[in-house]
Each structure stands twice: as structure tokens, then as C-alpha cells.
Amino acid sequence: MASDQITIRLPDGSTRDVATGTTAGDLAAEIGRNLRKAAVIADVNGVERDLVWPLEQGDEVAIITNRDDRGLYTIRHSTAHVLAQAVLDLYPGATFGIGPPIEDGFYYDFELPDGGHFHEDDLPRIEARMREIMGERQPFIRDELLADEARRVFKDHKYKLEIIDDASTDPMSATESGLVRTYENPPRFIDLCRGPHVEDTSTHLGHFKLMRVAGAYWRGDEKNPQLQRIYGTAWASKADLDAHLKRLEEAAKRDHRKLGVELDLFSFPDEIGSGLAVFHPKGGLVRMLMEDYSRQRHVAAGYDFVNSPHISKQELFETSGHLDWFADGMFPPMELDEGQRYYLKPMNCPFHILIYRSRLRSYRELPLRLFEFGSVYRYEKSGVIHGLTRVRGMTQDDAHIFCSKEQMGDELGSLLTFVLDLLRDYGLDDFYLELSTKPEGKAVGSDEEWDEATEALRAAAMTKDLELVMDPGGGAFYGPKISVQARDAIGRTWQMSTIQLDFQEPQRFDLSYIGADNERHRPIMIHRALFGSIERFFAVLVEHYAGAFPAWLAPVQARVLPISEGHEAYATRLADRLRAEGFRADLVEANEPLGGRIRKAKLEKLPYILVVGDDDVEHGTVGVNARGSERPERDVPVDDFVERLRADVAARV
RNA sequence: GCCCGGGUAGCUCAGACGGCAGAGCAGCUCACUCGUAAUGAGCAGGUCAGGAGUUCGAUUCUCCUCUCGGGCUCCA
């Protein structure tokens, strides 16, 4: 090795000798032209660096390209800087907060002079300015300043000054040397930033779109002033950007709120109140089918069915702790003549506990599993209500399992199996698990109890071959929880089932059972809901299936269309036969052209459209137009179709 | 709850310096009787979200309330 050379190591374990002073970008160029073109940043000894970073003897270097998530994040982050520059250009007196990359894009928070606001109409102008800045090919220049120098540079930007103050006192966010890092886009713009960034405002940027404006609290705290946030999406290529916009369109088409109207499933009449849904006949039928199957499975899994009222005296929720910890989420009380206060129930657990406590329990009864489709009411803040996924009145498929400490592990294991199995029957099969731990300051019980409960949940989760994600501080006030997250047909994740361990309420209600040793013992309580809420689960299914319910759930499974009046008698017999076989079939008479009737049935996303004409009357057959098929089938014997539909329903496809 | 933007027929949307409210689809009626995604004609459909104010006159301007959408915060 010549003295003016250094040796660096590549990710594949090989080494390479390069000239002293070689930068990460130079290295990429030496390896290949395409790599240089795709290179965004480099990973040098485990730290992300700009491509102009000079390499040193012995460095381990990986070039990160625009195909890598980290490269993409850098592109988004750099785009956010360009956004900030554009806004500061266009709005004299504006100041800025932070602007990180996020999933699919980026945002930047601003404060406009005199409490001004952005409007959606402003976005094209800002976007145009961003493209001008990109055209100027301004380099991203990294620098490190002493805190005092940085304070001078950002003297007009109070939020930046706050960040500098934090950085100079917080050892984690200061650089090793105690300096504050900045990135400059000369000649006009400089920002506090850890970096890294793309080389200049032209390279890799440009495949972006500003999406929306929003208010956002400074540092996410609702006590802080609200800043003006601009969201954008940014990608490595035009094709990726277009694909993303197309995905959004597809998601909008599946929106359960839109499909709920189009398919006549449910509505939210203003007269009832925000977040309170009514289910129409078709939605009600789907819901009934969902519930019926769930009931059937719960019977098979050894659950007992109970019922409880929607309201209760205050004392119950004092004992349970809800009024201490959950009062904000409850509707205000109803005052009765004699001064008695009643509350709408926000949860079912206290009621099930009273059923448990209605008499002395023996260890022979455990585990005791009490199930109810229980309607609960929660006072959600007006701004958070969203379709069926966030409502003020909902029905949970709720059960509380009372068991001994010894039974807890097995019970949690079989419960998780049950949950995943049932969700699969509803067509969801891509899951991960999330473990939510103690919410500090908002929890009852000792650390030891929480640790023990959390460990029990973790142990049960580990027996499943699924990814486990931690959610620190996300537990309920009475105990930790595991939630099952499901990915739908277009890859979005939804929180579905929750399983919560509770050592608290059994104590508060002084629950006990008589053990084999003839002593009193405290049972463990497991709260669990598989759908979460029926309303939310219904919404998820609507979106997952884009409204095209599988035959077992479809409100109408088959529609019979006679070609002309002469075929109506045969068509009626066919529809009657299907109904007699237990299917949901209807018939639309021939008073408009066949094409129009077919179109309507297609828009209703029915699994099967059955067309009958002369041939069918003569041969006892049916024309079958199956949803999603290329072309209709002719001359299908009615018995064959009946078997086919029966098989679809049985297979839940 | 907070910030921004909306609410006109069942749905999707147009409209007006403040002066009798418009279309397509859906609905109803009649005609057509048809082999796989829109048959034709006609009819009906509205306190322009609700309330107050300004005005000779308000769906239009102002304020309040309700409600929806996008975010923030929070969550099943």
C-alpha cells in the first residue's frame, strides 16, 4: 500500500485501497457509475454521513442509495429543508420549528407573523418556489457551531433557540465536541440539523408533492402554541411518487365512510349526535353474521354468556377506579331525584366482576370466562371522532376471564391462539403483536405487579411466531396489554384485538375463590376483546374487502335476473330454491334492460349475478356471473351452482 | 378540546353585486321485454345544516350553535 493511500472496508467484508482524501462519494464512483448515481449518503463506521465525508484509514463504509429506506428518509429530510427555505422566502417574518422525515414523506412546522395561517391554496405557490430552489442546485453544507454562535445565527427564530438551549444542556443531543450542528443551503438558508443530507437541492429531490396543511402543537404538547404544519410526500423517483398517489386514491375508494353510504350499510344521523352510528338493514345483516359466528366460536371455546345494563350508579365506577382514572373518557353523570348519580358505562368489566362475585367461587369453576357483546359509551373529544373507527358509542365483543395465577400462562397462550384463529376466519392473516407497558403516572398498582403481568404477556406472545413490538407506557390504567395488529389488503395496519392483564380490579372488588387447599385466593383477571369494537372491526372489514364481502358475509349473495318477463316464473322458482337452501338471494324483474340491472348488481358488489333466459328455462340451468370473473358462465346446472355457493360460504371465501 | 377548510335534492356537484334555486345519477309513473357494467319519455324531489343579527329583502354578509373533512393531542 502506497503511503498516500488508505484502506477501507466494505460491507461484504472485502477491503479496498483508495487515495487519501477520498470521500464517500468518490468511493461510490470508484465502485461504479450507477452506484454513484444512486448514492444518497454513506454509513461510515455505523454513522450516517454526507457523501462529501472524507474517509479515513480502516473505516467501514457502506454506500446508502435511494433504494434504501435510509436513503429515502434522507431525501425526505432534505426536501423538508427546501420547504422551510421556500416558506421563509415567501413569508417574511415567518419562523420555523422542526421538519423531520416521516413515513411516505415529511413535514415542517412554521409560525407565520401575526398569527397567520396557511391555506390549501397556498401550497402550489410554495411548491413552485421549492422547485425553483431545487433548480438552483444549492449545496447542503454541514457545519458545527458553538452554542453562542448558533444563538446569533438563529437570533430571530425562537423555536430554534429553544432547541439550541436543549442541545447545549442535554448531553444526548449535543455532538461529541459540545457543538451545535447546522446545514446551510447558500446563499439564503441555514437550519439546525443533525443531517445527513443529499449533496445539493437538485440531486435526488423533486419527486415530491405538498399534501396538506394542519395545526400542530409545538413539541406535541397541547399546552404549547399551535404551529402551522405543512405535510408533503417525497420519493426517489417519479414512478414511486405516482404509485404512492395511486395508493392513496385506492385507499380513498375503500374508505368505509364512503362505502357505508354507497352500499347503504350505516349512517351517522346528525339528530343522534356525533360518533353515534345507526346500522341500516344491509350493514345490520353483516354485523349480525359477524356476531353469530363469533358467538358460535365463543361457545366452542368454553365461554359463558352474560348480559349487563348500559348504566350504573356512581359507586360501581368508584370501586373499579374508572372515576379516578378514566373520568375524562366518560359521559357526565345523570342526576336522579334522590341525588343518586348514574353513569353510562365506559367498560364492561365492573359488571362482569359483579357476576363473578355474586356467589362464592370454587377453584373448580376456573377459568371462568364471561362473554358479552357489551355496549359502552365514551366521551371522545369532538376532534377525534372518525367514521366507525372512533365513535362515542360502541359494542365490544368483551370477555373477562377469571383464573388462578397458575392457570394464567396457559390461558393467555390458548387465548392468543383463539384470537388469531378467529381473525383469520374473517379474512385477516397478516399480524404482529404489540406489548403495551405501564403508563407512568396514570396507573394503579405496584411496579412488581406490573412487571409480573407484563412478563406473563410477553411469555405468551413469544410462543407465537409473530413479530413483537414494544409500546412503552401504552397500557391501560389497571394493567399491561397485548394488542394484535393486522395488516389489511392494501397493507395498512389496524389495531384489532386487545388482551389485558389486570391484578388491580380483583383487589379493588376483593374477589376470591376457594382453592383446593380450602383457603381463599385472589383470582387473576384477563380483559379481552377480539374485534375490539364491532363498529371498528366492521369498518376494517369494509376497507379490507373494499366493500366486496365474501359470500358468507355478503348481505345479498346472489341476484337472479330474468332476461324478459317470460322468464320470471323460472327466475322466481330459482330465487325461492336458493332461499330454501338458506342463501340470501333476491330477484330484479325485467322492467329495465339486462345491462342496466347487471351494472347495478356489480356496483353493489354482489358475489353472484344469475341470469336466466330461454336456454335455462328449458334445461334447468343458470348463467353465472361471478364477481371478479372475466366472463360469465352459461348453462350451469342449478344444483352445481347451489353446491358452489355452499362451498364458498363454508370456506368463508 | 385546539388549528384550518367545508355543509345547496337520497348521492355527486354547479350557482348567485343580496332580488322566484340548477344538473347528472338515484326514486316514482308509463312505454320498451332485452343473454352479461347505463332503454326512452315523463313526474316528483329543497326552510340552500340550525338559530340570531344587518337589510325593503339573506341560501348569499356578520355572529353563535350543530355537524363533516384534514391534522395536533388522545384512543377500541
Side-chain angles (χ1 to χ4, degrees), chain A residues 107 109 115-122 211-231 255 257-258 261-262 264 267-275 326 328-329 346-347 376 378-392 394-398 436 442 474 476 481 483 494-498 500 527 529-537 539-540 561-568 589-604 609-616 622-626 629-635:
Chain A
Y107 66 80
D109 288 343
H117 301 288
F118 293 117
H119 296 267
E120 299 268 332
D121 313 339
D122 298 332
M211 302 299 284
R212 60 179 64 95
V213 301
Y217 300 107
W218 169 238
R219 301 197 158 175
D221 186 333
E222 62 185 320
K223 289 189 227 33
N224 285 338
Q226 200 160 42
L227 304 182
Q228 296 287 303
R229 177 170 296 178
I230 294 179
Y231 281 95
D255 191 315
R257 294 166 300 180
K258 180 176 148 75
V261 175
E262 287 174 8
D264 197 12
S267 62
F268 292 92
D270 286 354
E271 293 85 342
I272 299 177
S274 184
F326 201 72
D328 285 351
M347 295 188 193
V376 299
R378 298 185 185 175
Y379 180 72
E380 298 292 348
K381 290 192 281 184
S382 60
V384 307
I385 287 167
H386 181 94
L388 287 175
T389 61
R390 197 74 189 277
V391 294
R392 283 181 172 162
M394 60 178 154
T395 300
Q396 297 182 307
D397 61 329
D398 207 2
S436 303
K442 285 194 290 183
K481 72 177 177 190
S483 53
W494 301 88
Q495 177 172 329
M496 308 268 57
S497 319
T498 61
Q500 307 185 332
H527 305 238
L530 308 196
F531 293 158
S533 83
I534 299 176
E535 288 80 0
R536 171 179 288 181
F537 196 73
V540 171
L561 302 178
I563 286 176
S564 70
E565 261 169 34
H567 311 117
E568 270 172 19
E589 291 173 0
N591 47 18
E592 72 169 307
L594 183 63
R597 286 179 287 154
I598 297 219
R599 179 163 189 276
K600 275 174 199 151
K602 290 284 185 191
L603 290 174
E604 287 180 54
I609 301 165
L610 306 177
V611 174
V612 294
D614 289 338
D615 296 352
D616 303 297
V622 58
V624 177
N625 187 332
S629 66
E630 287 289 315
R631 60 178 53 169
E633 302 154 53
R634 291 284 298 271
D635 308 318

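For the numbers below, each heavy atom of this structure counts, side chains included, while hydrogens, waters and symmetry mates do not. Letters A, B, ... mirror the listed sequences (proteins, then strands); counts begin at 1.
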- Query: With a non-hydrogen cut-off below 4.0 angstrom, is A:Glu120 in contact with a base, only sugar-phosphate, or nothing?
  - Reply: nothing
- Query: Would you say B:A76 has OP1 or OP2 under 4.0 Å from some side-chain N or O of A:Thr498?
  - Reply: no
- Message: On the nucleotide B:U67, are OP1 or OP2 found under 4.0 Å from the side-chain N or O atoms that A:Ser382 carries?
- Response: no
- Using a 4.0 Å heavy-atom cut-off across all strands, classify A:Arg229 as base, sugar-phosphate, or nothing. sugar-phosphate
- Message: So, OP1 or OP2 of B:G69: does either fall under 4.0 Å of a side-chain N or O from A:Arg257?
- Response: yes
- So does A:His567 get a side-chain nitrogen or oxygen closer than 4.0 Å to the phosphate oxygens (OP1/OP2) of B:U33? no
- Message: Heavy atoms only, 4.0 Å cut-off, all strands: where does A:Ala529 land among base, sugar-phosphate and nothing?
- Response: nothing
- Would you indicate what A:Val376 reaches in the nucleic acid, counting non-hydrogen atoms under 4.0 angstrom: base, sugar-phosphate, or nothing? nothing
- Message: Looking at A:Arg536, I'd like to know whether one of its side-chain N or O atoms comes within less than 4.0 Å of OP1 or OP2 on B:A76.
- Response: no
- Task: Determine: side-chain N/O of A:Tyr231 to OP1/OP2 of B:C72, distance under 4.0 Å, yes or no.
- Result: yes
- Query: Within the structure, does a side-chain N or O atom of A:Lys481 lie under 4.0 Å from either OP1 or OP2 of B:A76?
  - Reply: yes
- Message: For B:A76 and A:His527 - does any side-chain N or O of the residue sit under 4.0 Å from the phosphate oxygens OP1/OP2?
- Response: no
- Query: Looking across every strand, which nucleic acid part, if any, lies under 4.0 Å from A:Asp270 by heavy atom: base, sugar-phosphate, or nothing?
  - Reply: sugar-phosphate
- Nearest whole angstrom, please: distance from the C1' of B:U36 to the CD of A:Glu633. 12 Å
